[in-house]
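The structure under discussion appears below in the form of structure tokens.
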Amino acid sequence: MCFLFVECPRVIALRELLSNRIADALRAIGAEGDVQIAPAQDEKFGDYQCNAAMAIAKKQGKKPRDVAQSIVEQLRIDDMCELPEIAGPGFINLRLKPGFLAKTLMDVPAQAVEDNDRLGLPLAVTQETIVIDLSSPNLAKEMHVGHLRSTVIGDCIARVLEFEGHNVIRENHVGDWGTQFGMLVAHLRRIKPDVADNPASLVIKDLETFYIEAKARFDADDEFKTEARETVVALQRGDPLIRKIWQAFCNESLRHCHEIYRQLNVRLVDRGESFYNDLMDDVIRRLERLQRENPGGAVRESEGALCIFLDGFTTREGQPLPMIVRKTDGGYNYATSDLATIVDRVERLHANRIIYVVGMSQKQHFEMLFAAAHKVGIAGANIAMEHVGFGNVLAPGGRPFKTREGGTIKLKDLLNEAVDRARRVIDQPPTDDSKRPTDLALSEKDSIAEAVGLGAIKYFDLSHSLMSDYTFDLEIMLSLEGNTAPYMLYAYARIRSIARKAGASPDARLTEAAIALEHPTEIALAKKILQFADVLQTVSRDLRPNVLTDYLFELAKAFSRFYDKKIGVRVIDATPESIRSSRLRLCDLTARVLKLGLHLLGIETIEQM
RNA sequence: GCGCUCGUAGCUCAAUUGGAUAGAGUACCUGGCUUCGAACCAGGGGGUUGCAGGUUCGAGUCCUGCCGAGCGCACCA
């Protein structure tokens with residue numbers, strides 16, 4: 001049962017450990033509250049700093065430095081840190097002892113369980129059921145760049161929360177309903193009259209072209225226009241033939257999507273809007289009941305539409321802005337279906353937390369949606385709903401991401417171009433002073449190009465803060481220098497090469513190797529490795545992937561310094577053997593953190609490149 | 001017009017959400033491998049954080065006003 005948990009020492013986040021000690025000290029001086037611990041910005045201030053003294057001093061009317069002094073006197077951390085120093089207005093600077101770092105690193109299980117390396121990190125204390133709404137393409141068209149961020153960011157967040165042991169359900173809320181599907185089904189029926197007889201054999205090579213043709217016919221041909229409208233009605237009514245054709249089209253469109261998901265290595269569960277048709281009726285019934293019970297309440301009709309009125313939202317004219325859940329014509333809209341998804345996720349999936357990974361432009365919609373769901377009782381106060389918004393992907397030159405003709409650039413084409421260009425980068429001959437492998441087989445080169453190209457796109461996306469827009473630039477993404485996937489993958493491959501060179505199965509030999517930290521670059525690397533737990537906590541709390549990319553980049557740099565000929569240390573030929581094995585174990589730990597960190601970003605490492 | 005987001009080194013971006021002298025990368029300059037992968041490392045120059053006030057021990061971050069960009073503002077999703 002829980003053998004492993006008892007047997008394996010847990011690697012607790014350093015920040016959390018220090019936090020607890022400081023909390024004890026604050027309690028001892030009668031000043032419970034925020035411990036205000038943060039990593040130090042400059043190495044000369046130590047590793048962590050506690051900024052609680054200033055706030056406490058203000059509250060108690062004392063001098064900050066005096067308060068800092070009394071905190072330090074109560075602080076029991078000599079097993080972890082050097083003597084704390086008080087600096088500036090009342091900062092308490094903490095510097096970790098090398099011996100403590102070494103001991104903690106040795107707590108990381110030396111032998112990684114194959115493909116399930118947790119590096120000794122514990123699971124979250126309380127495990128939740130979390131639904132993540134991501135990707136969400138419209139099946140009427142081909143996926144384009146606009147879907148990249150939601151897919152990649154959503155997948156990363158899902159991976160991090162899964163790693164913490166949460167039950168994560170990734171839902172792909174695909175658009176498979178609405179008037180345009182009438183048009184598409186009618187068009188499909190005309191060009192492939194026999195599609196209903198053999199729906200499985202349907203192949204649409206280019207969805208974008210298909211849509212454009214259907215639209216052109218719709219605009220030019222009044223007879224077809226009528227037919228399209230009748231088709232929508234038939235679809236909604238549940239006409240078996242039309243349903244069959246519609247299903248065939250959706251399946252074919254989903255097949256296109258899943259080619260991309262497979263390439264990106266993203267798993268998710270498709271859940272079409274149509275799935276919620278019945279639930280939307282149910283949602284409306286619930287709202288109508290609220291309307292009857294409380295006629296002047298938040299749920300009421302306005303201009304013929306059923307609405308939910310919420311505080312704090314106004315229209316262009318300054319009037320209260322309602323959330324319309326049933327249009328004047330009796331139809332539903334996306335507010336209705338979004339409320340239905342919440343009902344489904346809360347009542348069927350038992351979610352305690354729902355995360356929507358959708359662009360920033362939808363911010364107001366989600367604010368209203370969450371407020372409405374709470375207001376009408378679809379989501380209780382215990383259900384956390386969050387919108388993870390993000391900025392746009394811009395085209396290299398100027399602004400919108402379009403072809404010269406104003407058309408959409410397919411995501412598929414973008415991914416393939418990245419892989420092609422990665423291949424060209426890899427094919428560059430090694431420079432005179434490089435030890436890069438020259439004997440890679442063609443098939444290896446293909447898979448390396450795939451990993452590098454797709455990793456480059458993902459990493460570039462995830463390494464930007466969510467709020468900001470970014471410019472899609474393959475040149476920068478595929479650069480081997482700087483905070484890019486190629487650099488990170490190279491760093492990993494280089495370390496793995498060291499391990500290979502050091503011995504046939506270094507992992508096995510190093511299981512019990514003691515770690516001794518002496519050299520500044522060794523200590524710095526050890527600290528970086530141990531910060532991983534802090535970083536994961538921050539990423540899962542704030543849902544900000546770029547915190548993880550920044551950390552991994554710093555880790556890679558710390559390793560490069562450690563391994564540098566000038567300022568670093570010898571590893572493979574280090575003596576005595578105890579030093580050599582200690583350093584090899586540091587290499588191994590670095591590689592494992594890089595591998596796990598990149599994996600949580602959705603990027604798989606390669607052993608050579 | 002109202003609301004939201006943003007404005008940081010020549011360029012691309014950070015800044016652990018109020019902490020110390022605002023950091024990386026890139027580009028430019030300088031130095032470093034006769035055995036560990038130099039696709040690397042070290043050093044240098046480069047800033048009035050759009051502008052002006054305010055809040056406090058402390059502001060890129062918070063509040064106000066202005067300038068500029070983007071997005072959203074009743075039945076499309």
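It should be emphasised that the depicted structure is a prediction, and the values quoted were computed from it without experimental measurement. A note on names: the letters A, B, ... follow the listed sequences, proteins ahead of strands, and every chain is numbered from 1.
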Please give the distance between the C1' atoms of B:A27 and B:G44 as a whole number of Å. 14 Å
Compute both the distance and the angle, then confirm whether A:Arg494 meets the cation-pi test with A:Tyr563: under 6.0 Å from the six-membered ring centre, within 45 degrees of the axis. no
Would you say A:Lys501 reaches B:G37's phosphate, i.e. side-chain N/O to OP1/OP2 under 4.0 Å? yes
Residue pair A:Ala422 / A:Val452: nearest heavy atoms and the distance that separates them: CB-CG1, 4.0 Å
Measuring only the P atom in each nucleotide, how far is B:C4 from B:C63? A whole number of Å is fine. 10 Å
So what does A:Ala574 touch, heavy atoms closer than 4.0 Å: a base, only the sugar-phosphate, or nothing? nothing
Please give the distance between the C1' atoms of B:G7 and B:C73 as a whole number of Å. 23 Å
Reckon A:Pro64 touches a base, only the sugar-phosphate, or nothing at all at heavy-atom distances under 4.0 Å? nothing
Applying a 4.0 Å non-hydrogen cut-off, can you work out what A:Glu317 is touching in the nucleic acid: base, sugar-phosphate, or nothing? nothing
Taking the same atom, C1', in B:C28 and in B:G46, what whole-Å distance lies between them? 10 Å
May I ask you to decide if the ring planes of A:His464 and A:Tyr470 are parallel, tilted or perpendicular, using 30° and 60° as cut-offs? parallel
Separation between the C1' atoms of B:A69 and B:G50, rounded to whole Å: 11 Å
Counting the atoms with a prime plus P, OP1 and OP2 as sugar-phosphate, which does A:Val547 contact under 4.0 Å by heavy atoms, base, sugar-phosphate, or nothing? nothing
Reckon A:Gln319 touches a base, only the sugar-phosphate, or nothing at all at heavy-atom distances under 4.0 Å? nothing
Classify A:Ser361 by what it touches in the nucleic acid, base, sugar-phosphate, or nothing, heavy-atom distance under 4.0 Å. sugar-phosphate
Are more than 12 heavy atoms from other residues, nucleotides or ligands located less than 6.0 Å from atom CD of A:Glu43? no
Could you check which of B:C4, B:G1, B:G37 has an atom nearest any side-chain atom of A:Arg500? B:G37
So A:Met143 and A:Thr151, side-chain contact (heavy atoms from CB on, under 4.5 Å) or not? Walk me through it. CA-CA 11 Å; A:Met143 286 177 78; A:Thr151 308; 4.2 Å; yes
Under 4.0 Å between any heavy atoms, over every strand shown, what does A:Asp176 touch: base, sugar-phosphate, or nothing? Just pick one. nothing
Regarding A:Tyr48, tell me which of base, sugar-phosphate or nothing describes its non-hydrogen contacts under 4.0 Å with the strands shown. nothing
Pairing residues for A:Tyr276 by the ring pair (Phe, Tyr, Trp, His ring centres under 6.0 Å) criterion, not counting sequence neighbours: A:His173
Sequence-distant partners of A:Asn138, side-chain hydrogen bond (donor to acceptor under 3.5 Å, both in side chains), two or more places apart: none
With distance as the sole criterion, is a donor-acceptor pair present between the side chains of A:Tyr492 and A:Glu607 under 3.5 Å? yes
Sugar-phosphate, base or nothing in reach of A:Asn51, heavy atoms under 4.0 Å: base
When you compare B:A22 with B:U49, how far apart are their C1' atoms, in angstrom units rounded to a whole number? 8 Å
Look for any protein N or O under 3.5 Å of an N or O in nucleotides 7-14 of chain B and output each such pair with its distance, or none.
| unit_1 | atom_1 | unit_2 | atom_2 | d |
| --- | --- | --- | --- | --- |
| B:A14 | OP1 | A:Ser465 | N | 2.7 |
| B:A14 | OP1 | A:Ser465 | OG | 2.4 |
| B:A14 | OP1 | A:Ser468 | OG | 2.7 |
| B:A14 | O2' | A:Asp550 | OD2 | 2.8 |

Smallest separation among heavy atoms of A:Asp47 and A:Lys527, with atom names: OD1-NZ, 2.9 Å
What stems involve RNA chain B, if each pair must be Watson-Crick or G-U and both of its distances must be under 3.5 Å, with 3 or more such pairs in a row? B:1-5 with B:69-73, B:10-13 with B:23-26, B:28-32 with B:40-44, B:50-54 with B:62-66
Presence of A:Arg494 side-chain N/O under 4.0 Å of B:C36 phosphate oxygens OP1/OP2: no
Would you indicate what A:Val569 reaches in the nucleic acid, counting non-hydrogen atoms under 4.0 angstrom: base, sugar-phosphate, or nothing? base
Of the nucleotides B:A77, B:A74, B:A24, which has the atom closest to the A:Phe553 side chain? B:A24
Just jot down the salt bridge (Lys or Arg N to Asp or Glu O under 4.0 Å) partners of A:Glu16, sequence neighbours excluded, or say none. none
Using a heavy-atom cut-off of under 4.0 Å over every strand shown, decide if A:Ala87 touches base, sugar-phosphate, or nothing. base
Only counting residues at least two apart or in another chain, list the ones meeting ring pair (Phe, Tyr, Trp, His ring centres under 6.0 Å) with A:His387. A:Phe366
Check every atom of B:A38, B:A77, B:C40 against the side chain of A:Lys565 and return the nucleotide holding the closest atom. B:A38
How about A:Phe562 and A:Phe559: are their ring centres within less than 6.0 Å of each other? yes
If you count every heavy atom of other residues, nucleotides or ligands that lies below 6.0 Å from A:Asp311 atom CG, does the total exceed 12? no
Is there a donor-acceptor contact under 3.5 Å linking the side chains of A:Arg496 and A:Thr605? no
CG of A:Asn392 versus C1' of B:C71: gap in Å, rounded? 8 Å
Can you name the closest pair of heavy atoms from A:Phe218 and A:Lys225 and give their distance? O-CE, 3.1 Å
Pick one for B:U49: is it syn, with its angle within 90° of 0, or anti? anti
Taking side-chain hydrogen bond (donor to acceptor under 3.5 Å, both in side chains) as the definition, give me every residue that meets it alongside A:Ser497, ordered by chain and number, with sequence neighbours left out. none
RNA chain B: 5'-proximal contact among A:Glu607 and A:Ala305 (nearest heavy atom): A:Glu607
Could you tell me which residues satisfy side-chain contact (heavy atoms from CB on, under 4.5 Å) with A:Cys50, sequence neighbours excluded, listed by chain and number? A:Ile22, A:Ala52, A:Ile92
If the C1' atom of B:G60 is compared with that of B:U48, how far apart are they to the nearest Å? 13 Å
Provide, to the nearest angstrom, the distance between the CZ atom belonging to A:Arg541 and the C1' atom belonging to B:U16. 8 Å
Can you tell me, in whole Å, how much space there is between the P of B:C62 and that of B:U5? 9 Å
Going 5' to 3' along nucleotides 41-50 of chain B, which nucleotides have protein heavy atoms under 4.0 Å from the base (write B), which only from the sugar-phosphate (write S), and which from neither (write -)? SS--------
Most 5' of A:Met609 and A:Phe309 on RNA chain B, judged by nearest nucleotide: A:Met609
For residues 39-47 of chain A, which residues have at least one heavy atom under 4.0 Å from RNA chain B? A:Pro39, A:Gln41, A:Lys44, A:Phe45
Sub-3.5 Å pairs of nitrogen or oxygen atoms, protein against nucleotides 54-57 of chain B:
| unit_1 | atom_1 | unit_2 | atom_2 | d |
| --- | --- | --- | --- | --- |
| B:U56 | O3' | A:Lys58 | NZ | 3.2 |
| B:C57 | OP1 | A:Lys58 | NZ | 2.8 |

Please answer whether B:A20 and A:Phe91 are stacked, defined here as ring centres separated by less than 5.5 Å and planes angled under 30°. yes
Expected list for residues 544-553 of chain A: side-chain donor-acceptor pairs under 3.5 angstrom, two or more places apart:
| unit_1 | atom_1 | unit_2 | atom_2 | d |
| --- | --- | --- | --- | --- |
| A:Thr549 | OG1 | A:Asn546 | O | 3.0 |
| A:Tyr551 | OH | A:Lys528 | O | 2.6 |
| A:Tyr551 | OH | A:Ile529 | O | 3.4 |

Out of curiosity, A:Arg580 CZ to A:Arg570 CZ, how far, rounded to the nearest 0.5 Å? 12.0 Å
What contact category does A:Gln49 fall into here, base, sugar-phosphate, or nothing, at under 4.0 angstrom with non-hydrogen atoms? base
